[in-house]
Amino acid sequence: MFSQAVSGDPELVYVPNSGEPGAHGSHFSASPDRNSVTVIDPRSFKVVSHFPAGVLPQHVTPSWDLRTLWVDASGSNQLIPIDPRTARPGTPIGVEAPYNLYFTPDGRAALVMAERLNRIDVRDPHTMALRRSVTVPCDGVNHADFSADGRYLVASCEFSGQLLKLDTRTLAVLGVLDLGAYSMPQDVRLGPDGRTFFVASLNGGGLITVDGATFHRTGFIPTAAGAHGIYPSRDGRLLYVSNRDAGSVSVVDPNVRRSVATWPVPHGSPDMGGVSADGTQLWLSGRDDDEVYVLSTETGHLLARIPVGANPHGLAFFPQPGRYSLGHTGNYR
């Protein structure tokens, strides 16, 4: 299930040490290790590499063709390429306010979520040269996922409590869904039915469900305080939801629309990450605790707490099964 593009790439975990706690964050780390990337061997749980990465590195994003990893350094207005064969960084490219990064399903364009500018920039997926900028009618656009047919995407607007439905090709606004100013929507994931989008509500403490076709809210699944990241199990039957404020992970069955298990991370702040390639582990950054957590997806037990730099954020486990990457920390198809 791996693309030939990742043949020979070492299995590694890339952790951006952002140096800032983000929304709801309670701990501005005193660690001098910030604005960097820590690289971990997932077999030994040992740090094997470390390098500077601009200012405010938010996420590590696999490119559509899986041949490059991009560090979204929003504070220094840079995308920093990493060669996944060597795990070494290349020359930074000037890109304005890259909080998050996505790729259209056809691989023809990169979409930079310029969160603080309320803008999506359409760029060349290889050179990152700017093609055009699209101002969006909301505040704090940052996370997204695409419809099953790739014709539209649903993006969350963290600060105005809204979702946008956008035409993938033109970025024309097809709909605006108000979730309430208090909702603070975060990660967005298309569910296994190919119709339902799941949206993590940081303030609501759960997942808001949205029908993609009609673009109407259909329900709510309580998880716990600070619901933030959404990660499908390797077989697509479950969703792992990181609850940053509660210090736990909720296991959600998307078919019955409820949480079926809760895995505690004692004194933790699980944020962003993903499952291992074989699906047996869930890796998450500890945003307020300067560490990375590894949980067993079979038992929910905490397997490791690995010290890293200041306020780690959008961790990427690479490579992964899939034909191509849609972006973020590893949304694959």
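Keep in mind that this is a model prediction, so the values were computed, not measured.
- Test T223, L207, I221 against S250 for side-chain contact (heavy atoms from CB on, under 4.5 Å) and you get one pass: T223.
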Could you go step by step and tell me if R237 and N255 meet the side chain to side chain donor-acceptor pair (under 3.5 Å) rule? CA-CA 8 Å; R237 295 181 179 178; N255 292 315; over 6 Å; no
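- Sorted by first then second residue, the disulfide (SG to SG under 2.5 Å) pairs that include residues 207-244, not counting sequence neighbours, number zero.
- No donor-acceptor contact under 3.5 angstrom links the side chains of S74 and R116, judged on distance only.
- Aromatic ring orientation, Y324 versus W64: parallel (interplanar angle below 30°, classes split at 30° and 60°).
- Put simply, the residue from F318, F45, Y240 that forms a ring-ring contact (aromatic ring centres under 6.0 Å, His included) with W283 is F45.
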Distance-only donor-acceptor hits, side chain of residues 170-179, under 3.5 Å, sequence neighbours excluded:
residue	atom	partner	partner atom	Å
T170	OG1	D167	OD1	3.2
T170	OG1	A172	N	3.1
D178	OD1	G180	N	2.9

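- Residues in residues 321-333 take part in these salt bridge (Lys or Arg N to Asp or Glu O under 4.0 Å) pairs, two or more places apart or across chains: D145-R333.
- Applying the disulfide (SG to SG under 2.5 Å) test to residues at least two apart or on different chains, the pairs with a partner in residues 46-138 are C138-C157.
- Side chain of N17 to backbone of N35: no donor-acceptor contact under 3.5 angstrom is found.
- Under the 6.0 Å cut-off for aromatic ring centres, Y102 and H143 do not qualify, their centroids lying 6.0 Å or more apart.
- Residues L315 and L302 are members of separate hydrophobic clusters, defined by side-chain heavy-atom contacts under 4.5 angstrom among Ile, Leu, Val, Met, Phe, Trp and Tyr.
- E291 contributes atom CD, which lies 11.5 Å from atom CG of L284 (distance to the nearest 0.5 angstrom).
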Any chance you could lay out the side chain to side chain donor-acceptor pair (under 3.5 Å) test for T218 and T209, step after step, and finish with the verdict? CA-CA 5 Å; T218 58; T209 59; 2.8 Å; yes
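- The same ILVMFWY cluster, assembled from side-chain heavy atoms under 4.5 Å apart, contains both L111 and V134.
- Counting only N and O atoms by type, the side chains of H328 and N100 include a donor and acceptor under 3.5 Å apart.
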The test is side-chain contact (heavy atoms from CB on, under 4.5 Å); show your working for F159 and N118 and say whether it passes. CA-CA 10 Å; F159 305 129; N118 299 326; 5.8 Å; no
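- Donor-acceptor pairing under 3.5 Å is lacking for the side chains of H228 and D245.
- Note on R195 versus D211: no salt bridge recorded, every NZ/NE/NH1/NH2 to OD/OE distance being 4.0 Å or above.
- Between the side chains of S31 and D33, not a single donor N or O lies within less than 3.5 Å of an accepting N or O.
- Note on residues 43-57: pairs passing salt bridge (Lys or Arg N to Asp or Glu O under 4.0 Å), not counting sequence neighbours, are E11-R43.
- Screening D288, N311, D290 for a side-chain hydrogen bond (donor to acceptor under 3.5 Å, both in side chains) involving S29 leaves a single residue, D290.
- Under a 4.5 Å side-chain heavy-atom cut-off, the cluster of Ile, Leu, Val, Met, Phe, Trp and Tyr residues that includes Y182 has no other member.
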